[in-house]
Amino acid sequence: MSIMLHGIGVARGIALGKAYLMEHGQPDIAEYTVPEYLVDTEIERYNSALDGARDQLIELRAKVPAGVPGEVTDFIDAHLLMLEDNAISRAPVKLIRRQYCNAEWALKQQRDTLVQVFEEMEDPYLRTRKDDIDHVINRIMQLLLQQENDTQELLEPEEDENNRIIVADNLSASDILLFHQQSVAGIITEHGAPNSHSAILARSLHIPTVMGAGNSHRYLQDGESLILDGNNGMILINSDPLTITHYQSLQQQQRDHQESLNKLRSQAAVTRDNITISLQANVELPGEIEIMQQAGCRDIGLYRTEFLFLNRKTLPTEEEQYENYRATVEMINGATLTIRTLDIGTDKPIPAIAEMEGADNPALGVRAIRLSLKNLDLLIPQIRAILRASAHGKIRMMVPMVTSLQEIVQIQNHIQEQKRHLDSNNVSYDPELKVGAMIETPAAALSADGFAQCLDFLSIGTNDLAQYTLAIDRTDDQVNYLFDPLHPAVLRLIHMVIKAGSHNNIPVSLCGELAGDERYTRLLLGMGLREFSMSPSALPEVKQAVLNTRLDMAKPLTEQLLATPFHDEILHLFEQLNRSSPDHS
Ligand code: PEP
Ligand code: MG
């Protein structure tokens with residue numbers, strides 16, 4: 001008999017495959033085999049993580065202040081001794097050599113063996129030493145996970161990895177990137193919400209995903225056959241052949257539908273009453289540029305630069321960033337590339353940045369522009385790379401999560417200073433480089449007129465704007481039910497920003513997930529929005545919605561909708577707006 005689990009479908013699509021359970025509470029690690037010629041490289045990786053762990057402990061020991069009880073140093077010494085034990089220093093190496101497994105996987109296997117040995121011990125004291133083993137192994141594991149992993153990049157996914165459906169507690173954006181590299185078929189998480197960066201990434205990468213499927217670990221077993229329906233947030237376990245055939249044909253229908261929408265590729269996004277709308281793409285990874293171009297889109301309205309910083313131990317250099325921005329702007333042949341400066345924080349932490357650690361409330365902490373202004377090692381190379389790349393195409397620079405004009409003044413000062421440096425070294429850049437900001441906090445939206453006077457353009461980040469306005473953590477599935485883009489507060493703030501832009505004659509775009517949801521296209525058009533930036537996969541549906549809209553019909557209904565504070569009435573008007581046919585005025 002087949003069983004069904006429910007969650008929130010955060011990335012559309014249907015996946016048929018086998019459950020692959022990530023362990024609870026353990027760092028999620030990729031498990032793969034390495035070809036024989038890379039075995040020595042993998043062993044070197046393991047040994048260097050081992051050396052790193054030893055260095056860390058020695059440093060820790062040296063820093064123990066005088067007068068601290070001897071047990072503390074004894075404890076560190078015990079960990080150092082464990083590192084030298086064959087069970088940790090040699091056994092994983094043997095596993096890599098014998099099984100061709102990656103270093104993380106070998107260490108995990110060895111950990112499982114050791115934990116079992118300790119758990120079977122009669123002596124309660126010895127049993128508690130299991131925690132020490134865990135600490136030591138986790139230290140090595142963290143170092144392995146932070147390493148730039150050349151072996152993994154060289155590997156093609158194994159054939160049967162393509163039908164893996166990952167089942168995890170929760171996943172970060174970095175994890176999703178890793179799974180994308182392994183071409184997994186789908187993702188299920190017990191926690192997580194549709195506006196988290198992980199969900200956005202899964203959508204962009206077209207990985208059918210269901211989040212918030214609580215207790216999946218209880219009901220699912222490794223290797224079980226699953227059907228994952230990302231459209232409806234459903235997971236079917238061990239389905240009968242009839243159901244499988246049904247979903248296979250649904251999968252095909254969706255592919256056909258996507259292909260038929262792709263026929264709109266060469267058509268401009270123009271409303272029925274002839275207003276041209278700019279549809280731009282949000283790009284998370286360079287690979288998406290091809291998809292956006294296939295959908296007929298030219299401009300990048302949001303280039304999320306975080307991918308350059310994730311899954312690595314060191315920060316990207318100015319040169320590396322410059323090469324990337326330059327290659328990207330050249331790839332889009334004269335169209336506009338809007339580069340967002342680093343937006344690290346919450347579910348996108350990076351190991352190289354210490355400020356990220358231990359914040360009680362990361363969404364309200366040192367995130368995005370705050371982090372860049374506090375940490376000039378991040379900001380200055382990025383500004384310089386953007387400026388230098390601007391000599392090769394149309395580039396705009398955009399700063400995330402601003403709350404006060406003071407931040408804009410600081411950014412502009414840094415830009416001016418770097419321009420002077422480049423001038424004195426005869427390095428070219430676009431002297432007219434446009435600088436804008438993402439309006440994604442209520443503070444910025446309520447003072448959008450000020451931002452509009454000081455900047456060249458604004459872009460509304462509704463994912464964060466809704467989070468901060470409605471006081472709901474965008475990564476927390478427990479409060480996801482409160483997420484409501486039709487909340488009058490959210491709508492009015494969006495409207496304020498659009499009006500501030502038009503009063504000050506600067507362009508305003510919207511690059512939150514709302515822009516890519518065709519149910520909101522008419523409403524946003526009615527509010528006066530003329531630039532939308534979205535995941536490339538959403539472009540065809542939104543273009544279709546633009547083509548089906550008459551602004552002269554959408555505007556009066558939208559005005560009525562914005563005027564009422566009552567949710568029922570808003571919902572009623574919203575449905576009416578979407579129902580109205582552009583062919584009947
Ligand atoms: C937003 O907040 O709406 C946005 C586009 O930025 P991000 O999702 O990357 O925080
Ligand atoms: Mg944001």
Side-chain angles (χ1 to χ4, degrees), residues 10-11 172-174 176-177 192-205 211 279-285 288 300-310 338-350 356 362-372 396-403 407 436-445 448 451 457-476 480 483-485 487 490-491 493-494 497-498 508-517 520 524 529 531-538 542:
V10 303
S172 67
S174 333
I176 304 276
L177 276 180
N195 278 313
S196 63
H197 284 110
S198 318
I200 293 173
L201 201 55
R203 274 196 289 282
S204 301
L205 301 174
M211 288 187 167
L279 300 188
Q280 308 165 5
N282 292 352
V283 170
E284 308 264 347
L285 285 176
E288 285 180 287
I300 299 180
L302 168 61
Y303 191 62
R304 288 185 166 107
T305 54
E306 293 78 47
F307 76 91
L308 286 165
F309 296 76
L310 297 175
T338 306
I339 302 179
R340 177 175 75 180
T341 59
L342 190 62
D343 183 2
I344 281 295
T346 59
D347 52 348
K348 270 191 193 171
I350 48 173
M356 316 256 44
L364 301 179
V366 187
R367 187 195 149 182
I369 188 63
R370 301 171 180 181
L371 182 66
S372 298
R396 307 193 299 179
M397 177 170 150
M398 176 160 83
V399 285
M401 211 204 148
V402 295
T403 48
E407 288 162 334
M438 290 191 65
I439 303 298
E440 46 187 353
T441 62
F451 285 95
F457 66 95
L458 303 178
S459 188
I460 310 171
T462 44
N463 309 336
D464 278 314
L465 186 60
Q467 156 169 264
Y468 295 123
T469 306
L470 303 174
I472 47 170
D473 182 344
R474 63 194 267 194
T475 65
D476 185 348
N480 182 53
F483 177 80
D484 180 14
H487 191 295
V490 176
L491 293 178
L493 288 174
I494 296 175
V497 184
I498 297 173
V508 172
S509 74
L510 191 149
C511 62
E513 292 300 286
L514 219 54
D517 188 333
Y520 297 94
L524 293 169
L529 189 74
E531 289 187 21
F532 294 63
S533 189
M534 67 202 78
S535 159
S537 57
V542 172

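As the structure lists them, so they are numbered: ligands from 1, and atoms in each ligand from 1. Computed over heavy atoms, backbone and side chain alike; hydrogens, waters and symmetry mates excluded.
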Residue [X] vicinity, atoms of ligand 1 by number, heavy atom under 4.0 Å:
X: R474; value: 2 (O), 7 (P), 8 (O), 10 (O)
X: C511; value: 5 (C)
X: H197; value: 7 (P), 8 (O), 9 (O), 10 (O)
X: M438; value: 4 (C), 5 (C), 6 (O)
X: E440; value: 1 (C), 2 (O), 4 (C), 6 (O)
X: D343; value: 10 (O)

Angular separation of OE1 (E440) and OD2 (D464) seen from the Mg ion (ligand 2), to 10°: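 The two atoms form an angle at the metal of about 100°.
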Has the side chain of [X] got a donor or acceptor atom that lies under 3.5 Å from a matching backbone atom of [Y]?
X: E306; Y: D343; result: yes
X: R367; Y: P362; result: no
X: T305; Y: R340; result: yes
X: R474; Y: A363; result: no

Backbone or side-chain N/O/S of D343 under 2.8 Å of the Mg ion (ligand 2):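 No, outside the cut-off.
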Side chain to side chain contact (heavy atoms under 4.5 Å, CB included) between V542 and M534, intermediate numbers included: CA-CA 9 Å; V542 172; M534 67 202 78; 3.6 Å; yes
Donor + acceptor pair across side chains of N282, S533 (<3.5 Å):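 A pair is found: one side chain offers a donor N or O, the other an acceptor, under 3.5 Å apart.
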Test side chain to side chain contact (heavy atoms under 4.5 Å, CB included) applied to D484 and V490, step by step: CA-CA 8 Å; D484 180 14; V490 176; over 6 Å; no
Of the side chain and backbone of [X], name the one, both, or neither that has a heavy atom under 4.0 Å from an atom of ligand 1.
X: I200; answer: side chain
X: E306; answer: neither
X: I460; answer: neither
X: M401; answer: neither
X: R367; answer: side chain

Ligand 1 to E513 polar contact by distance, N or O atoms, under 3.5 Å: no
Closest approach of A193 to V10 (non-hydrogen atoms, all atoms of both residues): C-CG1, 4.3 Å
T441 OG1 to Y468 OH distance, which is reported to the nearest 0.5 Å: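 Result: 8.0 Å between the selected atoms.
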From CA spacing to verdict: side chain to side chain contact (heavy atoms under 4.5 Å, CB included), Q467, N195: CA-CA 9 Å; Q467 156 169 264; N195 278 313; over 6 Å; no
R340 to ligand 1, any heavy atom closer than 4.0 Å: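 So R340 counts as touching ligand 1.
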